[in-house]
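First comes the structure, then the notes that go with it.
Protein chains get the first letters and strands the later ones, always in sequence-line order, with residue 1 at the start of each.
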Protein chains: 2
Amino acid sequence: MKIKKEVTIYDLAKELNYSPSTISRALNNHKSISKKTVKLIKEAAEEMGYRPNNLAAGLRSNKSNTIGVLISRINRPFVSSLISGIENTARKAGYNVLISQSNDKYQSEINNSNALYDSRISGLIVSLSMETIDMGHFEKFMENGIPIVFVDRVPSNFNSYKVVIDNYTAGYSATKHLIEQGCKRIAHFAGAKHRNVYLERKKGYLDALREHGLPIEDKLVVNFKTLSFDEGTKATEKLLKMTNPPDGIFAANDTTGVSAIMCAKKLGVKVPDQLAVIGFNDDPISSIVQPSLSTVSHPASKMGAISAKRILEHSAQSYDADLSEITVLGTEIIARGSSLRTVKS
Amino acid sequence: MKIKKEVTIYDLAKELNYSPSTISRALNNHKSISKKTVKLIKEAAEEMGYRPNNLAAGLRSNKSNTIGVLISRINRPFVSSLISGIENTARKAGYNVLISQSNDKYQSEINNSNALYDSRISGLIVSLSMETIDMGHFEKFMENGIPIVFVDRVPSNFNSYKVVIDNYTAGYSATKHLIEQGCKRIAHFAGAKHRNVYLERKKGYLDALREHGLPIEDKLVVNFKTLSFDEGTKATEKLLKMTNPPDGIFAANDTTGVSAIMCAKKLGVKVPDQLAVIGFNDDPISSIVQPSLSTVSHPASKMGAISAKRILEHSAQSYDADLSEITVLGTEIIARGSSLRTVKS
DNA sequence: TTGTAGGCGTTATCAG
DNA sequence: CTGATAACGCCTACAA
């Protein structure tokens with residue numbers, strides 16, 4: 001296999017009897033070059049198979065036009081839609097997207113943030129790992145003017161762009177929805193409490209109970225480690241075998257919500273009449289399970305698009321932008337069979 | 001916000017009274033530098049907050065240590081797992097991963113391949129868009145010694161690394177499984193026929209029928225455009241309303257397989273006894289639907305890992321490697337409720 | 001084991 | 001409107 005030598009702006013310059021600077025300017029639509037020359041040069045570039053070298057351009061201009069993404073794992077519906085939104089938006093603006101997964105490990109998050117930094121990304125979009133508490137690894141981005149957008153799983157102790165949903169209200173509404181369906185004893189499947197999303201959903205749950213005069217029982221609040229299907233099944237079994245089992249579950253994600261439905265059915269507990277369930281995220285599985293799982297919408301793709309837009313806007317500005325803008329997106333309760341009772345008790 | 005000046009190897013050199021080249025070598029573990037000096041320099045680098053500049057290193061050494069990924073869309077279970085496998089493997093080797101989605105548009109695939117090329121990726125992993133027929137946009141990679149690994153949706157008319165499953169055998173086995181369950185009239189939900197994966201699954205289906213003495217009926221082979229849930233529902237409805245409806249469906253993906261089950265249930269057709277269904281991919285929804293969907297495993301993450309490994313291996317070789325290696329992974333029939341009949345008819 | 005010097009491909013400044 | 005020149009940060013012969 002012969003390796004061709006790459007065509008550079010020097011080759012174009014020689015070929016067309018222009019200086020490299022003129023070629024460069026023409027290729028970048030610099031206004032000082034006549035339309036005619038630009039056209040000529042671009043056509044020649046095309047014909048000679050010229051392709052710009054982003055490494056060189058990036059080194060020189062100190063901007064890589066690349067957005068770095070730091071998430072826990074890609075193969076989950078919410079995350080892959082988030083990235084999809086980021087990529088589509090970035091691509092339209094001519095930006096590339098560099099991804100990295102922490103697999104929810106703090107140390108990996110540090111390593112990956114360094115790797116992305118080393119590529120001199122124009123901005124970083126982060127959804128924190130489950131383990132992350134200390135934010136030190138993000139400081140060098142701030143110090144060097146690289147904007148960071150935290151999305152969904154955001155820190156409370158770090159000032160930067162944030163794109164989130166109102167988890168508190170969502171948790172409150174989900175719980176209220178169950179109450180309206182006649183539930184009196186509502187359990188909650190809670191996620192790691194140092195992650196804002198889970199903490200706030202839980203707060204919303206607790207407040208909804210309180211404000212509707214329902215008692216809060218510790219035994220009904222199950223703290224999950226990973227919110228996995230198996231964990232959900234075990235928790236549901238335990239709850240349903242109590243002498244006084246709950247009549248409703250608000251699960252912090254759909255995976256455990258679906259597991260609750262399937263476990264209840266297996267145990268002969270009627271959903272929604274004996275046990276109403278609502279999840280979170282609107283993952284594909286939630287509309288497949290029967291009865292279908294009520295849930296809370298989570299605008300993943302839109303959150304990705306907005307996050308990318310923040311980076312793009314920031315890059316377009318020359319002045320020092322205010323980095324602390326927080327975008328809060330709305331969510332909706334999607335009521336389905338798992339919670340819609342025909343007769344309210 | 002003050003923007004700090006970056007620390008370079010020159011700064012380290014000045015600080016430590018070494019030449020930049022020594023610093024560079026030490027940082028890269030060059031063997032000619034003593035352990036002691038390496039340690040000294042690395043510690044100073046750490047302390048001074050030095051971070052290498054990949055753009056500069058890449059420009060100079062003509063290798064970016066970046067793998068480009070070109071897929072149709074990220075937010076599908078198979079694809080996100082594929083990317084997850086790529087990323088984990090690449091990361092371990094110190095490579096970054098650049099992603100781009102074509103959204104199944106030929107023109108986007110061209111544009112994205114150019115964008116990735118411009119970033120001087122070390123290798124490209126591609127799963128073709130639905131529309132792609134011409135392969136011209138991949139030639140410059142070959143000409144410049146950038147390895148391409150086609151994965152899953154691969155071309156037949158382009159010689160390069162390929163990582164695939166044996167779609168023919170999988171299609172054959174899936175159909176045979178239905179035959180063994182007693183199905184006599186088996187329909188097939190087929191995907192776009194210029195994409196190898198769908199064509200081969202269909203061939204396997206046809207041969208299985210033939211070899212088991214079952215008639216092939218054109219009306220039972222439904223050609224899908226996108227294999228979406230809605231398309232699946234419509235196709236199932238139409239089939240089940242025939243005067244002589246099929247008693248089995250082999251769907252080329254799980255989405256339409258699940259839609260078939262749900263549609264059949266709605267129409268009062270018993271699954272699996274009146275209609276047995278098998279899908280493809282083992283997406284999460286397949287084990288949630290009831291009866292759960294029999295399917296064919298698709299080792300997405302593993303395919304990603306192997307694809308990445310091909311690139312890494314190729315990069316490690318100095319000689320001109322043979323680019324035509326094809327890796328074929330095995331699949332398994334996962335028999336679940338949607339096809340397991342208690343009484344074989 | 002370490003240093004010197006040149007260049008990777010591009011862009012920006014300055015001059016014309 | 002165009003050209004010469006330097007510089008971005010790093011790597012690597014070649015020299016010492």
Side-chain angles (χ1 to χ4, degrees), chain A residues 3-41 45 48-66 94 117-122 144-145 318, chain B residues 3-42 44-45 48-66 94 117-122 144-145 318:
Chain A
I3 295 183
K4 260 200 206 162
K5 184 127 179 16
E6 304 248 348
V7 180
T8 72
I9 56 172
Y10 276 84
D11 301 320
L12 287 173
K14 210 170 298 171
E15 185 71 20
L16 299 176
N17 273 317
Y18 275 114
S19 73
S21 345
T22 301
I23 304 291
S24 171
R25 284 191 273 248
L27 257 18
N28 291 300
N29 299 310
H30 195 288
K31 52 192 158 200
S32 74
I33 310 286
S34 74
K35 301 273 178 221
K36 209 176 58 184
T37 320
V38 168
K39 186 156 175 274
L40 177 79
I41 291 179
M48 291 175 65
Y50 169 79
R51 283 269 102 207
N53 184 328
N54 285 345
L55 297 172
L59 172 61
R60 175 59 233 240
S61 62
N62 202 25
K63 43 204 290 294
S64 62
N65 288 358
T66 298
Y117 181 87
D118 295 351
S119 290
R120 296 303 186 268
I121 53 176
S122 308
N144 286 92
S318 49
Chain B
I3 295 184
K4 262 201 205 163
K5 183 120 179 18
E6 305 248 349
V7 180
T8 72
I9 55 172
Y10 278 84
D11 300 321
L12 286 173
K14 210 170 297 171
E15 185 70 20
L16 300 176
N17 273 315
Y18 274 115
S19 74
S21 39
T22 301
I23 305 290
S24 171
R25 284 190 273 245
L27 259 17
N28 292 300
N29 299 311
H30 195 288
K31 52 192 158 197
S32 73
I33 310 286
S34 74
K35 300 275 179 218
K36 211 176 57 184
T37 322
V38 168
K39 186 156 174 270
L40 178 79
I41 292 180
K42 283 196 174 175
M48 292 176 64
Y50 169 80
R51 282 271 104 206
N53 183 328
N54 286 164
L55 298 172
L59 171 62
R60 175 58 233 247
S61 62
N62 202 26
K63 45 204 288 294
S64 61
N65 287 0
T66 298
Y117 182 87
D118 295 351
S119 290
R120 295 304 185 267
I121 52 175
S122 308
N144 286 92
S318 48

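- Rounded to whole Å, the distance from CG on B/Leu16 to C1' on C/dT2 is 14 Å.
- Evaluation of atom-type donor-acceptor distances gives a pair under 3.5 Å for the side chain of A/Arg25 against the base of D/dG3.
- When rounded to the nearest whole Å, the span between CG of B/Asp118 and P of C/dT11 equals 11 Å.
- There is no side-chain donor-acceptor pair under 3.5 Å between A/Ser24 and A/Ser21.
- Counting only heavy atoms from C-beta on, B/Ala57 has its side chain closest to D/dC10 among D/dC10, D/dT2, C/dG9.
- For a distance-only test at 3.5 Å, the side chain of B/Arg120 fails to qualify as a donor-acceptor partner of the base of C/dG9.
- In this structure, A/Thr22 reaches the D/dG3 phosphate: one of its side-chain N or O atoms is under 4.0 Å from OP1 or OP2.
- If you measure from atom NZ of B/Lys36 to atom P of C/dT2, you get 9 Å, rounded to the nearest angstrom.
- Across all strands shown, B/Lys31 has heavy atoms under 4.0 Å from sugar-phosphate atoms exclusively, and none from any base.
- Side-chain atoms of B/Asp11 come within 3.5 Å of backbone N or O of B/Thr8 as a donor-acceptor pair.
- In this structure, CZ of B/Arg60 is placed 8 Å from C1' of D/dC10, rounded to the nearest angstrom.
- Here A/Thr8 does not reach the OP1 or OP2 of C/dG9: none of its side-chain N or O atoms lies under 4.0 Å away.
- If you take CG of B/Leu12 and P of C/dT2, they are 15 Å apart, rounded to a whole angstrom.
- Contact check, B/Tyr50 against D/dC10: a side-chain N or O comes under 4.0 Å of OP1 or OP2.
- Put simply, CG on B/Leu12 and CG on B/Asn17 are 12.0 Å apart, with the number rounded to the nearest 0.5 Å.
- Whole-Å rounding puts the A/Ile9 CD1 to C/dG9 P distance at 10 Å.
- Nearest heavy atom pair, residue A/Leu55 against residue B/Ser64, reads CD1-CB, 4.3 Å.
- The closest donor-acceptor contact from the side chain of A/Thr66 to the backbone of A/Ile121 lies at 3.5 Å or more, if one exists at all.
- In this structure, B/Ser61 does not reach the C/dC8 phosphate: none of its side-chain N or O atoms is under 4.0 Å from OP1 or OP2.
- Side-chain atoms of A/Ser32 lie closest to D/dT2 of the nucleotides D/dT2, C/dT11, C/dT2.
- Using a 4.0 Å heavy-atom distance criterion, A/Asn28 is classed as a sugar-phosphate-only contact.
- Residue B/Pro20 is classed as having no contact, given no heavy-atom separation below 4.0 Å to the nucleic acid.
- For the pair B/Ser61 (side chain) and B/Ala57 (backbone), a donor-acceptor distance under 3.5 Å is present.
- Among the atoms of the strands shown, base atoms are found under 4.0 Å from some heavy atom of B/Tyr10.
- Comparing B/His30 and B/Leu59, the nucleotide of DNA chain D nearest to each residue sits closer to the 5' end for B/Leu59.
- Here the C1' atom of nucleotide D/dT12 and the NZ atom of B/Lys63 are 14 Å apart, to the nearest Å.
- Between A/Asn53 and C/dC8, a side-chain N or O to OP1/OP2 separation shorter than 4.0 Å is absent.
- For the OP1/OP2 pair of C/dA12 and a distance below 4.0 Å, the side-chain nitrogens and oxygens of A/Ser21 include no atom meeting the criterion.
- Here A/Ser24 does not reach the OP1 or OP2 of C/dT10: none of its side-chain N or O atoms lies under 4.0 Å away.
- The CE-P distance, from B/Met48 to D/dG9, rounds to 14 Å in whole Å.
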